[in-house]
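Taking it in order: structure first as structure tokens, then the write-up.
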Amino acid sequence: AQSVAQPEDQVNVAEGNPLTVKCTYSVSGNPYLFWYVQYPNRGLQFLLKYITGDNLVKGSYGFEAEFNKSQTSFHLKKPSALVSDSALYFCAVRDPPGTGGGNKLTFGTGTQLKVEL
Amino acid sequence: DARVTQTPRHKVTEMGQEVTMRCQPILGHNTVFWYRQTMMQGLELLAYFRNRAPLDDSGMPKDRFSAEMPDATLATLKIQPSEPRDSAVYFCASGLRGETQYFGPGTRLLVL
């Protein structure tokens, strides 16, 4: 069964510094990987996804993520954090088509990002 | 700007009452998902549909919860009877061909 782990409940970073939110996954075959962000009292917003191709994926709001197959990781990064990036970030994985996982996404437990002045 | 809509946004009810939550997926999307989010359990998948047919509802308490898609523009999630432990935020999401899911704003349910 597919799974994702977000090892950090919270990440604190100063505005202007680079940020990394970690995610590792376990899935049969080649994974489909996603990052979502949730602002307070809002639904989840799609940031970016990896299905195939370049290991560095660029997404919304200046975020990017690096797929590392050998380390089974998909860490979210941004070169320069903003206070407005403070939110809850979710990593998610689904099995590729034909492997029996269906369309279901399995979400991590979330990482609270706090960007301070 | 296409988006998933959900009604009501907030619901306060008493234990034992029926609760119905509605979702309008993005036009043209063929998969619809219902999630529940709580502090203790995080984000849980309750059920999902493809082309209006239920594919998986294993995450849903069968005795009190039911999910349907009467047509391609409406998905419903009902709880009858509701209990305090059902208090949560319920999200609907839709997608096309099972890839990216787009979430609605959620229904915040409080059962007293």
Side-chain angles (χ1 to χ4, degrees), chain A residues 1-10 23 27 29-53 57-60 63 65 74 87-112, chain B residues 1-10 21 23-26 29-60 88-110:
Chain A
Q2 64 217 40
S3 65
V4 289
Q6 293 182 244
E8 302 154 318
D9 290 337
Q10 181 161 321
C23 171
V27 68
N30 296 316
Y32 287 21
L33 295 158
F34 301 79
W35 275 102
Y36 284 81
V37 60
Q38 185 178 27
Y39 297 99
N41 301 315
R42 303 282 295 275
L44 277 70
Q45 294 180 34
F46 169 72
L47 274 180
L48 51 81
K49 66 182 177 184
Y50 172 84
I51 295 178
T52 188
V57 179
K58 293 188 182 299
S60 307
F63 284 92
F74 189 57
L88 185 59
Y89 290 81
F90 289 95
C91 181
V93 66
R94 61 156 284 188
D95 283 330
T99 57
N103 296 336
K104 293 187 292 187
L105 286 180
T106 299
F107 285 87
T109 51
T111 298
Q112 185 70 47
Chain B
D1 183 23
R3 59 184 65 190
V4 177
T5 59
Q6 290 185 248
T7 57
R9 292 294 310 276
H10 299 88
M21 291 169 271
C23 167
Q24 182 173 8
I26 293 173
H29 281 187
N30 67 340
T31 53
V32 174
F33 304 81
W34 282 105
Y35 291 90
R36 176 170 63 185
Q37 186 178 35
T38 61
M39 288 293 292
M40 294 300 295
Q41 300 296 327
L43 203 59
E44 305 172 274
L45 177 67
L46 297 176
Y48 82 97
F49 295 77
R50 184 192 299 161
N51 297 323
R52 296 176 54 201
L55 286 192
D56 188 343
D57 60 2
S58 59
M60 203 163 64
V89 183
Y90 291 82
F91 290 106
C92 173
S94 72
L96 185 61
R97 291 190 296 274
E99 290 190 5
T100 304
Q101 295 181 22
Y102 294 91
F103 282 71
T107 294
R108 188 174 296 272
L109 174 65
L110 178 61

If I take atom [atom1] from residue [X] and atom [atom2] from residue [Y], how far apart are they, to the nearest 0.5 angstrom?
X	Y	atom1	atom2	value
B:Q37	A:F90	CD	CZ	5.0 Å
B:T100	A:K49	OG1	NZ	3.0 Å
A:N41	B:R108	CG	CZ	5.0 Å
A:L105	B:F33	CG	CZ	6.5 Å

Tell me, for A:Q45 versus chain B, whether the close heavy atoms (under 4.5 Å) come from the side chain, the backbone, both or neither.
neither

Within the structure provided, determine whether A:Y36 and B:L43 are in side-chain contact (heavy-atom separation under 4.5 Å).
no

Nearest atoms (heavy-atom pairs only) where B:F91 meets A:Q38:
CZ-NE2, 3.4 Å

